[in-house]
There are 2 protein chains.
Amino acid sequence: MKILNNPPHITEAESEVMKLLWQKEPLTAIEIISKLKDQMDWSDQTIKTFLNRLHKKKAIRFEKSGRNYLYYPLVTYDEYVKAANRSFLDRMYNGAVGMLFAKFLEEEKLSESEIDQLQQLLEKKKKGGS
Amino acid sequence: MKILNNPPHITEAESEVMKLLWQKEPLTAIEIISKLKDQMDWSDQTIKTFLNRLHKKKAIRFEKSGRNYLYYPLVTYDEYVKAANRSFLDRMYNGAVGMLFAKFLEEEKLSESEIDQLQQLLEKKKKGGS
DNA sequence: ACTCAACGTTTACGGCCGTAAACAATTAGA
DNA sequence: TCTAATTGTTTACGGCCGTAAACGTTGAGT
């Protein structure tokens with residue numbers, strides 16, 4: 001019995017709206033619009049479009065409380081990241097996580113402490129590995 | 001003095017053409033078209049379009065040798081993967097490799113041997129870290 | 001010299017995405 | 001009750017992408 005369907009696809013611009021909602025929920029339209037207007041240099045109309053599209057694809061919902069509309073995310077950050085990761089992993093590495101790690105390790109410089117952290121994560125994974 | 005510009009953006013469909021060329025170079029148009037026709041169920045025209053677009057964006061080049069056209073990649077697989085990785089890393093994790101690793105480790109199951117392999121890679125990185 | 005096949009080039013078209021204007025509805029306050 | 005502000009909805013438009021038809025060129029063989 002499958003309950004959770006795949007989260008809807010959230011585009012990069014739309015994700016800016018979601019990021020706000022993942023930080024604090026709910027937000028009013030004014031809050032969302034004014035913040036993104038600054039940060040992203042978007043017009044109000046543009047932001048309204050994204051809110052509308054996100055609503056249509058059921059990534060957010062809103063309630064009206066008097067004159068204010070309150071926005072809530074319906075897709076969690078984790079669902080979003082997970083879906084994006086999966087899709088990238090499949091596209092680029094045919095699902096082979098090992099390959100992905102190897103490539104990133106080869107390309108990106110990691111500080112010693114980052115490496116230590118990863119080693120600890122791997123150790124934990126080895127034991128409790130869920 | 002900058003010599004290498006960023007590689008052009010190669011879309012998913014286009015990458016199917018590139019994959020062939022990364023396996024064996026050069027290839028003739030017939031080879032490319034007939035292979036993708038089967039594998040991808042694309043029409044000849046579609047494949048020609050991709051060849052053309054890839055050429056326009058300088059991801060491939062071709063030579064005419066008599067009646068045959070020979071295709072060569074201009075973008076290497078490594079450049080392609082590297083650019084895609086960078087772009088994904090920036091988009092999703094703001095460039096923080098550590099975060100990316102943590103998320104993938106959390107989500108994907110790794111076999112014990114894969115974990116061992118990664119640990120070795122990390123060890124090597126720690127010492128010789130290029 | 002002419003024709004057919006092998007290729008490249010141009011044009012097209014619907015869908016998604018970033019961007020935004022214009023229109024509609026509703027409600028708090030004058 | 002009228003108005004202005006707040007917010008949602010509809011429509012638009014150019015660019016990229018997947019998909020493909022139509023057209024043009026050139027060279028090998030007749």
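Order of the sequence lines sets the chain letters (A, B, ...), proteins ahead of strands, with each chain counted from 1. What you see is a predicted model, and the numbers here were worked out from it, not measured in a lab.
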### Task
Determine the interplanar angle of the W42(B) and F50(B) rings, folded into 0 to 90°, and report it as parallel if under 30°, tilted if 30 to 60°, perpendicular if over 60°.
perpendicular
### Task
Could you tell me how the ring of Y93(B) sits relative to the ring of F88(B): parallel (under 30°), tilted (30 to 60°) or perpendicular (over 60°)?
perpendicular
Tell me whether the side-chain N/O atoms of [X] come closer than 4.0 Å to OP1 or OP2 in [N].
X: W42(B); N: dG18(D); value: no
X: T11(A); N: dG18(C); value: yes
X: T49(B); N: dG18(D); value: no
X: N68(A); N: dT7(D); value: yes
X: H9(A); N: dC17(C); value: yes
X: T46(A); N: dA20(C); value: yes

Write down the distance between [atom1] ([X]) and [atom2] ([N]), rounded to a whole number of angstrom.
X: I10(A); N: dC17(C); atom1: CD1; atom2: C1'; answer: 14 Å
X: K57(B); N: dC16(D); atom1: NZ; atom2: C1'; answer: 9 Å
X: N52(A); N: dT7(D); atom1: CG; atom2: P; answer: 15 Å
X: Y69(A); N: dA24(C); atom1: OH; atom2: P; answer: 16 Å
X: H55(B); N: dC7(C); atom1: NE2; atom2: P; answer: 16 Å
X: E12(B); N: dC16(C); atom1: CD; atom2: C1'; answer: 15 Å
X: R67(A); N: dA4(D); atom1: CZ; atom2: P; answer: 14 Å
X: D44(B); N: dC7(C); atom1: CG; atom2: P; answer: 11 Å

### Message
Expected output is a numbered-order residue list: members of residues 20-29 of chain B with a heavy atom under 4.0 Å from any atom of DNA chain D. What is it?
### Response
none
### Task
Assign I33(B) to base, sugar-phosphate, or nothing according to its heavy-atom contacts below 4.0 angstrom with the strands shown.
nothing
### Query
What is the nucleic acid contact for K48(B), judged by heavy atoms within less than 4.0 Å: base, sugar-phosphate only, or nothing?
base
### Query
Is the base of dT19(D) touched by the side chain of R53(B) through a donor-acceptor pair closer than 3.5 angstrom?
yes
### Message
Please check if the number of heavy atoms outside D38(A) that lie under 6.0 Å from its CG is greater than 12.
### Response
yes
### Message
Tell me if the NZ atom of K57(B) is crowded by more than 12 foreign heavy atoms within 6.0 Å.
### Response
yes
### Query
Does a salt bridge link K19(B) with E16(B), judged by any charged N lying under 4.0 Å from a carboxylate O?
yes
### Task
Can you run down the salt bridge (charged side-chain N to carboxylate O under 4.0 Å, His left out) pairs that involve residues 87-103 of chain A, sequence neighbours left out, and say none if there aren't any?
R86(A)-D90(A), R91(A)-E12(B), K103(A)-E106(A), K103(A)-D78(B)
#### Entry: Donor-acceptor contact present, side-chain K125(A) to main-chain L105(B), <3.5 Å
yes
### Message
Please report the interatomic distance CG(L27(B)) to CG(N68(B)), rounded to the nearest 0.5 Å.
### Response
12.0 Å
### Message
Reading DNA chain C from 5' onward, which residue's closest nucleotide shows up sooner: E14(A) or Q45(A)?
### Response
E14(A)
### Message
What's the closest nucleotide to the side chain of F50(B) if the choices are dT19(D), dT26(D), dT26(C)?
### Response
dT19(D)
